[in-house]
Amino acid sequence: MTGTSVLHQSLLLAKKQDPPEHPQVNNIRLKEEECLSLLKRCSNMEEFKQVHAQVIKCWGLFSNSFVASNLVATCALSDWGSMDYACSIFRQIDDPGAFEFNTLIRGLVKDIKFEEALFIYQEMVERGVEPDNFTYPALLKACARLRALEEGMQIHGHVFKLEFQGDLFVQNALINMYGKCEEIEFSSAIFNRTDQKSVASWSAIISAHASVGLWYECLMLFGEMSREGCWRPEESTLVSVLSACTHLGALDFGRCTHGYLLRNISELNIIVQTSLIDMYVKCGCLAKGLGLFQMLAKPNRLSYSVIISGLAMHGRGYEALRVFSEMLRQGLEPDDVVYVGVLSACSHAGLVNEGRQCFERMISEHGIVPTLEHYGCMVDLMGRAGLLGEALELVKRMPTEPNDVVWRSLLSACKVHQDLEIGEVAAKNLLQLSSQNPSDYVVLSNMYAQAQRWDDVARTQIEMARKGLKQTPGFSLVEVARKVSKFVTQDRSHPEWVNIYEMIHQMEWQLKFEGYSPDTSQVLLDVNEDEKRERLKGHSQKLAIAFALIHTSQGSPIRIARNLRMCNDCHTYTKLISVIYQREIIVRDRKRFHHFKDGTCSCRDYW
DNA sequence: CTAGGGTTAG
């Protein structure tokens with residue numbers, strides 16, 4: 001049925017049925033139904049409006065008849081984006097009932113007009129009309145998206161008063177609403193009370209935990225869900241699970257999830273694919289992530305975002321910039337998060353000029369107001385490159401008050417470049433922000449140690465102790481045979497420590513042939529050279545490598561995650577080990593990855 | 001007298 005013919009018919013109808021001389025109820029009824037059937041056959045908004053206009057012209061609006069109700073319903077449920085029109089018809093109904101309210105609210109929610117939906121709901125409450133069990137989930141969805149906890153709780157109150165207290169769909173929507181509003185206890189309480197849980201209930205509770213960053217609990221819940229058996233997780237659940245893997249660096253769990261997806265779902269959607277890419281990249285498998293990215297049919301802004309920040313983490317600055325310009329060529333508009341990726345790519349690869357240009361371009365071309373995070377990247381960029389004065393200037397010029405992250409990155413840059421003067425400025429500001437972060441004191445104290453200012457070292461450490469802060473010990477995690485082992489410096493608590501130290505001894509022999517000599521300059525203890533060398537040997541990363549070399553097969557990569565930056569000596573040492581033992585060694589520190597292969601590191605000694 | 005519900009990434 002084409003547009004003209006529906007319109008044509010409505011004109012014919014109008015001609016054929018002039019207002020009757022003696023209108024009868026049945027006659028009107030008939031006309032109503034005829035109008036309705038015409039209106040229902042319309043296939044787009046234009047057509048609908050024209051026919052509607054004809055109907056009004058001939059017979060006036062049947063304002064309180066079921067035609068009007070159906071008009072609202074048709075607009076609300078079609079994909080024509082015609083909610084304004086539906087609202088205007090709705091406003092002409094004198095005494096809207098439950099059906100009109102319900103359809104209008106659901107239409108508004110479907111059209112992402114959440115505020116309006118909640119507004120209509122208030123009107124509904126005032127008139128004493130009850131939403132039905134189909135409308136509560138829509139309202140709760142609106143609250144979830146708007147993070148409108150107060151309204152959400154009001155609706156929950158109404159649901160609570162219902163005799164049946166809402167069905168499973170309403171329960172699931174409540175779990176989700178509280179999750180999105182970061183009220184995880186309420187979410188869990190409702191989840192635990194729900195006896196007939198559906199996949200949606202599990203999805204909702206898992207994503208609730210994901211949205212407050214309880215990643216470990218996410219995986220636990222997922223395990224529980226699988227053990228309960230009857231529910232096969234669906235894509236959306238697994239996206240939350242993958243996100244948890246990403247944040248925990250749980251590569252094995254992530255791989256299993258990928259396998260599960262491949263076995264059970266024929267075509268993965270863009271969200272799952274993007275989550276997979278992010279997981280692989282942030283768990284250290286850049287190549288795998290890049291491979292999946294290249295297979296995307298139509299990458300969107302988020303896909304680009306994850307791959308750009310992934311390349312950044314791996315120190316591949318130029319590639320990140322290339323992908324970024326590819327993204328612009330595709331006509332995708334970058335947002336602030338994409339720019340954080342771009343700027344950190346420049347920072348990790350030491351691309352100072354490129355970074356400056358991007359920062360300018362972000363403001364002038366894309367109209368993005370730089371956030372603290374962007375300034376943080378810029379300070380980092382300048383600082384790493386040794387432009388400490390310029391970095392300090394930038395911090396002073398910032399329109400918003402610099403936070404601890406900004407000062408901290410300036411401080412650590414000062415440590416790398418041994419600039420005690422600016423370092424002290426950064427430290428002073430950092431400590432003024434009443435930092436509870438022990439590592440701030442440690443960095444400062446180490447800087448004093450480097451400058452042989454032992455009095456200041458002592459002073460800083462006393463200050464730290466006075467505040468009851470303890471130095472966070474550095475550790476390295478390594479996964480062997482699906483089990484993660486943790487090593488701290490000089491660790492002798494591992495059941496195999498004797499073997500491990502024997503291995504260290506052998507490694508040192510080989511290293512000496514390659515011309516390795518220990519770099520003790522960063523052992524910041526007031527002890528003699530021999531003692532320093534002894535200390536270096538027992539750094540946690542070396543223990544982890546030794547352990548992995550003993551227990552993994554020739555040629556398989558070694559993955560290590562550590563909580564602190566690695567020292568220069570560990571860096572040189574690991575490069576040599578990678579060539580001597582022909583192993584790829586991937587180390588993740590707090591911020592980025594180092595790929596050691598054939599005697600070089602992906603960071604090109606810039607980190 | 002009608003229509004029809006939850007969840008997914010950087």
Side-chain angles (χ1 to χ4, degrees), chain A residues 29 32-33 36 39-40 65-78 97-107 109-110 131-142 144-145 166-177 179-180 187 190-191 194 197-211 233-247 261 265 268-279 281-282 289 293 296 299-310 312-313 327 334-342 344 373:
Chain A
R29 185 92 200 147
E32 280 181 346
E33 270 163 12
L36 195 59
L39 285 163
K40 281 194 163 173
S65 73
F66 86 120
V67 174
S69 310
N70 275 286
L71 286 172
V72 177
T74 312
C75 290
L77 299 166
S78 65
F99 173 66
E100 290 78 13
F101 272 116
N102 283 329
T103 43
L104 187 72
I105 286 176
R106 285 209 319 277
V109 171
K110 193 175 155 197
D132 63 13
N133 247 6
F134 291 86
T135 307
Y136 277 119
L139 284 165
L140 289 166
K141 178 179 173 179
R145 295 289 186 88
D167 63 9
L168 189 53
F169 284 94
V170 179
Q171 300 291 326
N172 292 345
L174 280 168
I175 297 169
N176 183 43
M177 184 275 292
K180 285 288 176 318
S187 247
I190 296 167
F191 177 77
T194 312
K197 299 175 176 67
S198 68
V199 201
S201 321
W202 286 100
S203 290
I205 196 69
I206 289 173
S207 87
H209 282 81
S211 61
E234 44 187 23
E235 276 174 299
S236 58
T237 324
L238 295 176
V239 169
S240 303
V241 171
L242 282 172
S243 167
C245 294
T246 308
H247 287 272
L261 284 162
I265 288 151
L268 303 182
N269 69 27
I270 185 76
I271 302 178
V272 184
Q273 286 178 314
T274 305
S275 311
L276 274 171
I277 294 169
D278 197 35
M279 185 276 292
V281 170
K282 298 238 169 79
F293 180 75
L296 291 182
N300 62 18
R301 175 165 60 199
L302 267 96
S303 327
Y304 276 105
S305 185
V306 303
I307 205 73
I308 290 170
S309 62
M313 277 187 91
M327 171 182 172
D335 63 4
D336 54 332
V337 187
V338 174
Y339 263 108
V340 171
V342 172
S344 78
E373 231 177 325

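FYI, side chains are in, hydrogens and waters are out, and symmetry mates aren't considered; it's all heavy atoms of this structure. These numbers were taken from a predicted model, which means no experiment stands behind them. Naming convention: chains lettered A, B, ... in sequence-line order (proteins, then strands); numbering from 1 in each chain.
- Residue-level contact check: A/V337 touches the bases, meaning some heavy atom is under 4.0 Å from a base atom.
- The side chain of A/S275 lies closest to B/dA9 when the candidates are B/dT8, B/dA9, B/dG10.
- Among the atoms of the strands shown, base atoms are found under 4.0 Å from some heavy atom of A/N300.
- Counting to the nearest Å, the C1' atom of B/dT7 and the CZ atom of A/R145 are 10 Å from each other.
- In this view, A/S207 satisfies the side-chain hydrogen bond (donor to acceptor under 3.5 Å, both in side chains) rule with no residue, not counting sequence neighbours.
- Counting any heavy atom pair closer than 4.0 Å across all strands shown, A/Q273 reaches no nucleic acid atom.
- Between the C1' atom of B/dG10 and the CG atom of A/L296 lies a distance of 14 Å, rounded to the nearest Å.
- Side chain of A/K282, nearest nucleotide from B/dA3, B/dG5, B/dG10: B/dG10.
- With sequence neighbours excluded, the residues that form a salt bridge (charged side-chain N to carboxylate O under 4.0 Å, His left out) with A/R301 are A/D335.
- The residue A/V272 sits apart from the nucleic acid: no heavy atom pair falls under 4.0 Å.
- Rounded to an integer number of Å, the gap from CZ of A/F99 to P of B/dC1 is 12 Å.
- For A/D167 against B/dG5, a side-chain N or O and a base N or O form a donor-acceptor pair under 3.5 Å.
- The phosphate of B/dG10 (OP1 or OP2) has a side-chain N or O of A/S243 nearer than 4.0 angstrom.
- Phosphate proximity of B/dT8 to A/K180: present, with a side-chain N or O under 4.0 Å from OP1 or OP2.
- Side-chain nitrogen and oxygen atoms of A/H247 include none within less than 4.0 Å of the OP1 or OP2 phosphate oxygen of B/dA9.
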Go through it in stages, so that I can follow the logic: the residues are A/N300 and A/S303, the test is side-chain hydrogen bond (donor to acceptor under 3.5 Å, both in side chains), and I'd like the CA-CA distance, side-chain angles, deciding distance and then a yes or no. CA-CA 5 Å; A/N300 62 18; A/S303 327; 2.8 Å; yes

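- Computed from coordinates, the A/M279 CE to B/dT8 C1' distance equals 16 Å when rounded to whole Å.
- With a 4.5 Å cut-off on side-chain heavy atoms, A/I190 and A/Q171 count as touching.
- In the set B/dG10, B/dA9, B/dG5, the nucleotide with an atom closest to the side chain of A/P137 is B/dG5.
- Taking atom CZ of residue A/R301 and atom P of nucleotide B/dG10, one finds them 14 Å apart after rounding to whole Å.
- At B/dG6, none of the side-chain N or O atoms of A/N176 fall inside 4.0 Å of OP1 or OP2 (strictly under the cut-off).
- Residue-level contact check: A/N102 touches neither bases nor backbone, having no heavy atom under 4.0 Å from any strand.
- With hydrogens and angles ignored, a donor-acceptor pair closer than 3.5 Å exists between the side chain of A/E234 and the base of B/dG6.
- Rounded to whole angstrom, the span from the CZ atom of A/F169 across to the C1' atom of B/dA3 amounts to 15 Å.
- Residue-to-nucleotide contacts include no donor-acceptor pair under 3.5 Å from the side chain of A/N269 to the base of B/dA9.
- Between A/V272 and A/L238, the closest side-chain pair of non-hydrogen atoms is not below 4.5 Å.
- No hydrogens or angles were tested; on distance alone, nothing pairs the side chain of A/N172 with the base of B/dG5 as donor and acceptor under 3.5 Å.
- Considering only side-chain atoms of A/S236, the nucleotide from B/dA9, B/dG10, B/dT7 that sits closest is B/dT7.
- Between A/L242 and A/V239 there is no side-chain heavy-atom pair separated by less than 4.5 Å.
- Remark: P of B/dA9 and CD1 of A/I206 are 13 Å apart, rounded to the nearest angstrom.
- The separation between A/K197 atom NZ and B/dG6 atom C1' is 16 Å, rounded to whole Å.
- Across B/dA9, B/dG5, B/dG10, the shortest atom-to-atom separation from the side chain of A/V338 is found for B/dG10.
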